[in-house]
Amino acid sequence: MRTTPHGPPTPDFQPLLDEIAAALRPQAGQQGKVASYIPALARVNAAQFGIALRTCEGAEAAAGDCDTPFSIQSVSKLFSLTMCLQLIGEALWQRVGREPSGNPFNSLVQLESEHGLPRNPFINAGAIAVADRLVSQGRSAGDLAAMLSDLAGTAIEIDEEVAASEAATGFRNHALANFMKSFGKIDNDVAPVLELYFRQCALRMNCRQLARAAGYLCRDGGHPGGGATPVLTERQARRVNALMLTCGTYDMAGEFAFLIGLPCKSGVGGGIVAVVPDRLTLSVWSPALDASGNSWLGMRALEMFVARTGLSVF
Ligand code: GLU
């Protein structure tokens, strides 16, 4: 494992994040739409923008609405995948693939032609398959909250109202889970699997906490708070980054790689986590989404960050 990051000493990123927030925050809510298919998310004020980063050395910078908690939604798939890799390692890949889907995140079509094996762990079907593996290991969304609390160094909670709202209206996710079960690709009852999935999506975090919690991804799996036990092995962390780059931003992964060039994971709550390997983790949030489900302003913020710093994996 590399213990020191490459490149020159870490610059002070605070002025840059202030500049990005000053330029973009006034535009928050002007383009895109807040996710409305989960009723509890539809009420979120779109005119918000936050950004935060944490370097591998532990330096932090943050601006805008960086302390406002939001529903992390699909960003949680990063952390459930991480927990699953900790518990069962390579065996996970018998139940989920590693290819971009090129389809909407909640699509049923591909699942039928591919006999219930989801393309990757970041589409809904794949995350439900991961949730099934976690249930088999006796894990719950509460365990994910505990893992995140440890990684972020502060208590992380589940928004039970959002979880209940999604459980009551998540007909398509019920369909996906039952469909996979019909192919023998889900071992447990569908109900506890979906309970874990809906509650993990309802985890509430702010930008600062997300940038901290994802820190193991820029430090080859090492614990972001300096804990002795690595979160993932170096090989696993690199593979999670590869999956983020190819599959982390719905069917816009190609555009993200082209415009931003960083491993990213987004969620319909408007959050996006990005990794600059060996340097830093960055988190942006603005609730209004573009047609693909990615935060419209979050994407602009990442473009601006990369343009100003030259930090990209390419
Ligand atoms: N809980 C959401 C769903 O399953 C997550 C979607 C997302 O953030 O991509 O529809």
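- In this structure, CG in L262 is found 10.0 Å from CZ in F256, a value given to the nearest 0.5 Å.
- Looking only at side-chain heavy atoms (C-beta outward), E112 and F179 come within less than 4.5 Å of each other.
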For this session: Any chance you could lay out the side-chain contact (heavy atoms from CB on, under 4.5 Å) test for V273 and I72, step after step, and finish with the verdict?
Result: CA-CA 10 Å; V273 168; I72 70 169; over 6 Å; no
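- Distance OH/Y197 to CG/D132: 14.0 Å, rounded to 0.5 Å.
- I260 has its side chain within reach of M299: a pair of non-hydrogen atoms, C-beta onward, lies under 4.5 Å apart.
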Problem set entry | Candidate pair M83 and L144, rule side-chain contact (heavy atoms from CB on, under 4.5 Å), full reasoning | CA-CA 8 Å; M83 182 179 272; L144 278 170; 4.0 Å; yes
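- When all heavy atoms of A46 and S286 are compared, the pair lying nearest together is O-OG, 4.2 Å.
- Inter-residue side-chain proximity for C201 and S76 is flagged as met; some heavy-atom pair is nearer than 4.5 Å.
- Clustering ILVMFWY residues whenever any of their side-chain heavy atoms sit less than 4.5 angstrom apart, transitively, puts F314 in the very cluster that holds L280.
- In this structure, F305 and F13 have side chains that are in contact, with non-hydrogen atoms separated by less than 4.5 Å.
- Between atom CE of residue M205 and atom OG1 of residue T68 there is a gap of 14.0 Å, rounded to the nearest 0.5 Å.
- Judged by distance alone, the side chain of W296 and the main-chain N or O of K33 form no donor-acceptor pair under 3.5 Å.
- Here the CG atom belonging to L117 is positioned 11.5 Å from the CD atom belonging to E99, to the nearest 0.5 angstrom.
- Taking each heavy atom of R204 and P69 in turn, the nearest pair found is NH2-CG, 3.4 Å.
- Interatomic distance, L297 CG to Q48 CD, rounded to the nearest 0.5 Å: 12.0 Å.
- Ion pairing between E90 and R235 fails under the 4.0 Å rule for side-chain N and carboxylate O.
- A donor and an acceptor atom, one from each side chain of S136 and N188, are located under 3.5 Å apart.
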For this session: Report the C-alpha separation of N120 and R98 in whole Å, then their side-chain angles, then the decisive distance to 0.1 Å, and conclude whether the side-chain contact (heavy atoms from CB on, under 4.5 Å) test is met.
Result: CA-CA 5 Å; N120 67 68; R98 307 183 292 249; 5.8 Å; no
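- Under the 3.5 Å distance criterion, the side-chain polar atoms of Q209 are matched with a main-chain donor or acceptor of N206.
- With D143 contributing its side chain and S140 its backbone, the two residues share a donor-acceptor pair below 3.5 Å.
- Dense packing is recorded around CD of Q14, with more than 12 heavy atoms of other residues, nucleotides or ligands lying under 6.0 Å away.
- Between P118 and G116, the shortest heavy-atom contact is CD-O, 3.3 Å.
- Side-chain atoms of D65 and R25, non-hydrogen and from C-beta on, do get closer than 4.5 Å to each other.
- Clustering ILVMFWY residues whenever any of their side-chain heavy atoms sit less than 4.5 angstrom apart, transitively, puts V162 in a cluster other than the one holding F171.
- The nearest pair of heavy atoms linking A253 to T246 is CB-O, 3.2 Å.
- Applying the side-chain hydrogen bond (donor to acceptor under 3.5 Å, both in side chains) criterion to S71, with sequence neighbours excluded, gives Q73.
- At a cut-off of 3.5 Å, with distance as the only test, a side-chain donor of S74 or K77 sits close to an acceptor on the other residue.
- Under a hydrophobic-cluster definition in which Ile, Leu, Val, Met, Phe, Trp and Tyr are linked whenever side-chain heavy atoms come within less than 4.5 Å, directly or via other members, F258 and M252 are assigned to the same cluster.
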Exercise. Can L302 and I272 be said to form a side-chain contact (heavy atoms from CB on, under 4.5 Å), step by step?
Worked result: CA-CA 9 Å; L302 292 174; I272 308 177; 3.7 Å; yes
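- Salt-bridge formation is detected for the pair D67/R208: a Lys NZ or Arg NE/NH1/NH2 atom is positioned less than 4.0 Å from an Asp or Glu carboxylate oxygen.
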For this session: Please report the C-alpha distance between Y216 and T82 in whole Å, then the side-chain angles of each, then the deciding distance to 0.1 Å, and finally whether the side-chain hydrogen bond (donor to acceptor under 3.5 Å, both in side chains) criterion is met.
Result: CA-CA 10 Å; Y216 59 96; T82 295; 2.7 Å; yes
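- Under the salt bridge (charged side-chain N to carboxylate O under 4.0 Å, His left out) criterion, E157 pairs with no residue at all, not counting sequence neighbours.
- With S165 contributing its side chain and E161 its backbone, the two residues share no donor-acceptor pair below 3.5 Å.
- Here the two rings, on F198 and H174, have centers that are under 6.0 Å apart.
- Between H115 and F183, the ring planes are perpendicular. Angles over 60° get that label, and only those under 30° would be called parallel.
- Note that CG of L92 is 10.5 Å distant from CG of L87, once rounded to the nearest 0.5 Å.
- One finds a salt bridge joining R133 and D187 here, because a Lys/Arg side-chain nitrogen approaches an Asp/Glu carboxylate oxygen to under 4.0 Å.
- No donor-acceptor pair under 3.5 Å is formed between the side chain of D290 and the backbone N or O of S295.
- The backbone N or O of Q27 sits nowhere less than 3.5 Å from a side-chain atom of Q31 that would complete a donor-acceptor pair.
- Proximity of a side-chain donor or acceptor of R139 to a complementary backbone N or O of Q137 within less than 3.5 Å is detected.
- Proximity of S36 to L41: side-chain heavy atoms (C-beta onward) are nowhere separated by under 4.5 Å.
- Between L24 and R300 the shortest side-chain heavy-atom distance falls below 4.5 Å.
- Under the 4.0 Å criterion applied to side-chain N and carboxylate O atoms, E166 and R199 are not assigned as salt-bridge partners.
- Minimum interatomic distance between V44 and P287 (heavy atoms only, all atoms of both residues): CG1-CG, 3.8 Å.
- Looking only at distances, a side-chain donor or acceptor of Q86 sits under 3.5 Å from a matching main-chain atom of V231.
- In this structure, a donor-acceptor pair under 3.5 Å is present between the side chains of S266 and N294.
- Closest heavy-atom contact between P121 and V130: CB-CG2, 4.0 Å.
- Taking the side chain as every heavy atom from C-beta outward, T249 and F122 never approach each other to under 4.5 Å.
- Salt bridge present: R54 and E60 bring a charged side-chain N and a carboxylate O closer than 4.0 Å.
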